[in-house]
Undergrad: 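Take a look at this one; I'll ask things after.
Lettering of chains follows the sequences in order, A, B, ..., and the numbering in each one begins at 1.
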2 protein chains.
Amino acid sequence: MPTLATHKPQANNRREIVLEIAAGFFVRKGFNGTSIRDIAKEAGMLPGSLYYHFPSKEALLVAVFEEGVQRISAAAEAALAACQGNAWERLQAACEAHLVTLLEGSDFASVIVRVLPQDVPGAAEELISLRNDYEKTFIALVDALPLPAGTDRSLFRLMLIGALNHVPLWYRPGRETPSNLARQIVANLRFAQDNTKTEGKRT
Amino acid sequence: MPTLATHKPQANNRREIVLEIAAGFFVRKGFNGTSIRDIAKEAGMLPGSLYYHFPSKEALLVAVFEEGVQRISAAAEAALAACQGNAWERLQAACEAHLVTLLEGSDFASVIVRVLPQDVPGAAEELISLRNDYEKTFIALVDALPLPAGTDRSLFRLMLIGALNHVPLWYRPGRETPSNLARQIVANLRFAQDNTKTEGKRT
DNA sequence: ACTATAACCAAACAATCGTTTGCTTTTATG
DNA sequence: CATAAAAGCAAACGATTGTTTGGTTATAGT
């Protein structure tokens, strides 16, 4: 069979620009607080033109979300690849990468924390699935910790993620660095577990 | 002086019903995801009728927010009044009340966690102020803790609040009780601080 | 040069949004 | 009963929403 329609006139230049602008709006205004016209206007395009790149507003959010998960995952895995320490040090490295990406990285990662799946009914399950994929890394990291028997590792992980993802709500640049904050957060959870007497917090 | 216009035909029955319905929508759909018509419909009223009770949608949200702060504050202070223990036990009591109110109390308190001030531009400062009033309680509780010198108590408190307010995003009734979760969350932060060697996490 | 696709414009669509206005019903008090 | 305020209805206002449709320009391969 001959080469049928092997054209490729150009790359999607504007598509990535639109994604970046959309990420900014979604982070600052939320999903329902952002209009297609907001994004199009900042991109120097007309509202309808966005529908060449994305079939719907929800699909645009999903694309931003996917990019965010990919970026923060890449940051965490890169940090882990460069860390040869023990389980606590590896967890700390991942948390540093996580927080640095949230606070100083692009807006893509922040969308993951800002936009709730229930805000996007048509794609809620997909967003949850994407987030779960990323958090699997933390499940493994927490599982590797030398925690006292009886410790609820699931709760421990959710505590940590809750504390980390809460930082963007109060963080102000100039005081502590994101890395320092992550280190302190992990440290505050670390020593607590070292001398616990396994006294029954569960039966 | 004679009694001039001392009428009071009735109390604001419907007003509180509207508030409760609004709280439910704000929690589940967010502020921008909730329409006046949604609330009015569930209240069995017409959209315009809400404007007799509240001058605007934002004012309605503020009213819900205020009620939420009052309820969760009352729960925390009641728990503290009934607790004669040490600083850690008092913190635990407040956290239990906080989490129980968030997970099992009315929707009013959940609105505080769900709706971000930036979603309501015209009342953002007021919402922040209301939240800060409540969190002052936790500032005092954390200040009273016997933490090792050099510990950033502000970060410690923000970690705790972050972990607590994150629970509604993953909590599923039937497993652990809210009280149990709060106790474990505090416990996970407690022992960490007991044997810290004051090794410089800050200079 | 011809053609097919990419990329976007221009303009509108129906639906929904928060809100306003004028009128009616209800309710408690004198 | 009379009255005045409370509470709500009915209906619309202009603005904004996500989206569609058809036409236009740009670009690259044959």
Undergrad: Parallel, tilted or perpendicular for B:His98 and B:Phe138, by the 30°/60° rule?
TA: perpendicular
Undergrad: Provide, to the nearest angstrom, the distance between the NZ atom belonging to B:Lys41 and the P atom belonging to D:dG8.
TA: 19 Å
Undergrad: Return the value, rounded to whole Å, for the distance between atom CZ of A:Phe25 and atom P of D:dT17.
TA: 11 Å
Undergrad: Whole angstroms only, please: what is the CE-P distance between A:Met45 and D:dT24?
TA: 19 Å
Undergrad: Could you go through A:Arg28 and A:Asp107, starting from their C-alpha distance and side-chain angles, then the distance that decides it, and tell me whether this counts as salt bridge (Lys or Arg N to Asp or Glu O under 4.0 Å)?
TA: CA-CA 9 Å; A:Arg28 271 169 281 278; A:Asp107 293 323; 3.0 Å; yes
Undergrad: With heavy atoms under 4.0 Å as the rule, sort A:Gly33 into base, sugar-phosphate or nothing.
TA: nothing
Undergrad: Nearest whole Å is fine: how far is C:dC8 C1' from A:Arg15 CZ?
TA: 16 Å
Undergrad: Nearest to the side chain of A:Arg14 - D:dG8, C:dC8, C:dG18?
TA: C:dC8
Undergrad: Closer than 4.0 angstrom, basic N to acidic O: yes or no for B:Lys57 and B:Asp119?
TA: no
Undergrad: Would you say a side-chain N or O of A:Ser49 is under 4.0 Å from OP1 or OP2 of C:dC9?
TA: yes
Undergrad: Spell out yes or no: do the side chain of A:Arg37 and the base of D:dG18 have one donor N/O and one acceptor N/O closer than 3.5 Å?
TA: yes
Undergrad: Rounded to whole Å, please give me the gap between OH in A:Tyr52 and C1' in D:dT21.
TA: 16 Å
Undergrad: In whole angstroms, how far is the C1' atom of D:dT19 from the CG atom of A:Leu60?
TA: 14 Å
Undergrad: Should B:Ser35 and B:Asp38 be marked as a side-chain hydrogen bond (donor to acceptor under 3.5 Å, both in side chains) after you check the CA-CA gap, both sets of side-chain angles, and the distance that decides it?
TA: CA-CA 5 Å; B:Ser35 73; B:Asp38 288 335; 3.2 Å; yes
Undergrad: Indicate whether OP1 or OP2 belonging to C:dC8 is found under 4.0 Å from a side-chain N or O atom of A:His53.
TA: yes
Undergrad: Give a yes or no on whether the backbone of A:Gln92 and the side-chain of A:Arg183 come within a donor-acceptor separation of less than 3.5 Å.
TA: no
Undergrad: Picking from C:dT19, C:dC8, D:dA7, which would you name as closest to the side chain of B:Ile36?
TA: C:dT19
Undergrad: A:Leu50 CG to C:dA7 C1': how many Å, rounded?
TA: 12 Å
Undergrad: Given C:dA10, C:dG18, C:dC8, identify the nucleotide with an atom nearest to the side chain of B:Ser35.
TA: C:dG18
Undergrad: Whole-Å distance between D:dC13 C1' and B:Tyr51 OH?
TA: 13 Å
